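Remarks on the structure that follows.
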Amino acid sequence: QQYWEQELFKRMITAKNKELEGGVSVSEEDILRYYEHHRDVFFVSKTLEEVRPQIQEFLVKEKQREEILRWLEGLKMKTRIIVDSQALGI
């Protein structure tokens with residue numbers, strides 16, 4: 001692929017990320033479930049209140065990543081796009 005194609009695609013992904021920034025949220029139930037599932041590995045001797053911000057940030061970023069991947073799949077179905085995930089850092 002040409003440099004300009006990669007650059008254009010990076011800009012599209014950046015714009016989509018900005019679009020998703022305020023629109024993705026996680027529930028208290030999601031945070032609690034993640035904490036309970038990972039408490040013994042990542043949060044030894046930490047309370048939920050201590051790690052809530054980190055869990056929330058992680059889960060929001062994960063949902064954003066999933067939305068981007070769904071969006072990319074939709075684009076692929078509509079047109080012929082070759083995505084170099086490694087070059088894009090996703």
Side-chain angles (χ1 to χ4, degrees):
Q1 283 182 317
Q2 301 293 324
Y3 171 78
W4 67 269
E5 292 172 320
Q6 289 291 333
E7 188 60 32
L8 176 62
F9 201 66
K10 284 180 186 179
R11 288 179 185 203
M12 289 172 57
I13 290 176
T14 299
K16 188 65 172 176
N17 268 328
K18 286 183 180 182
E19 177 185 316
L20 292 172
E21 278 179 0
V24 175
S25 62
V26 293
S27 69
E28 195 59 34
E29 184 178 301
D30 292 335
I31 294 170
L32 180 59
R33 188 178 317 118
Y34 186 88
Y35 175 76
E36 292 293 332
H37 189 261
H38 296 91
R39 179 180 12 196
D40 297 334
V41 177
F42 299 123
F43 310 120
V44 178
S45 74
K46 299 259 184 179
T47 67
L48 175 59
E49 294 309 312
E50 290 175 296
V51 296
R52 180 185 310 281
Q54 294 99 322
I55 293 172
Q56 183 173 13
E57 181 180 348
F58 173 79
L59 292 176
V60 165
K61 288 189 182 301
E62 187 64 20
K63 281 190 173 186
Q64 287 174 331
R65 188 184 73 77
E66 290 169 3
E67 286 294 320
I68 292 287
L69 292 175
R70 268 195 290 280
W71 175 70
L72 288 173
E73 286 303 314
L75 290 178
K76 286 180 189 178
M77 293 174 74
K78 294 177 185 175
T79 188
R80 184 176 178 268
I81 297 177
I82 300 168
V83 178
D84 185 345
S85 299
Q86 185 176 14
L88 296 171
I90 58 170

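Scope of the values below: all heavy atoms of this structure, side chains included, with no hydrogens, waters or symmetry mates. Just so you know, these numbers come straight off a predicted model, no measurement behind them. Positions are given from 1 along the sequence.
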Output, in order, the C-alpha distance, side-chain angles, deciding distance and verdict of side chain to side chain contact (heavy atoms under 4.5 Å, CB included) for E7 and K10.
-> CA-CA 5 Å; E7 188 60 32; K10 284 180 186 179; 4.3 Å; yes

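- L8 CG to Q6 CD: the interatomic distance, rounded to the nearest 0.5 Å, is 10.0 Å.
- Residues meeting the side-chain hydrogen bond (donor to acceptor under 3.5 Å, both in side chains) test with E62, sequence neighbours left out: R65.
- The shortest heavy-atom contact between Y35 and I55 is CB-CD1, 3.8 Å.
- With sequence neighbours excluded, the residues satisfying side-chain hydrogen bond (donor to acceptor under 3.5 Å, both in side chains) with S27 are D30.
- Rounding to the nearest 0.5 Å places CG of L72 at 8.0 Å from CE of M12.
- A search for side-chain hydrogen bond (donor to acceptor under 3.5 Å, both in side chains) contacts involving E73 returns K76, not counting sequence neighbours.
- For V60 against V26, the heavy-atom pair with the smallest separation is N-CG1, 4.0 Å.
- For E67, the side-chain hydrogen bond (donor to acceptor under 3.5 Å, both in side chains) test picks out R70, with sequence neighbours left out.
- In terms of heavy atoms, L20 sits closest to Q64 at O-NE2, 3.7 Å.
- E29 CD: 12 or fewer foreign heavy atoms inside a 6.0 Å radius.
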Donor-acceptor pairs are to be reported for all side-chain atoms of residues 38-45 against protein atoms at under 3.5 Å, with residues two or more places apart or in another chain.
residue, atom, partner, partner atom, Å
H38, ND1, Y34, O, 3.0
R39, NH2, E36, OE1, 2.2
R39, NH2, E36, OE2, 3.3

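- The salt bridge (Lys or Arg N to Asp or Glu O under 4.0 Å) test applied to E19 returns K16, not counting sequence neighbours.
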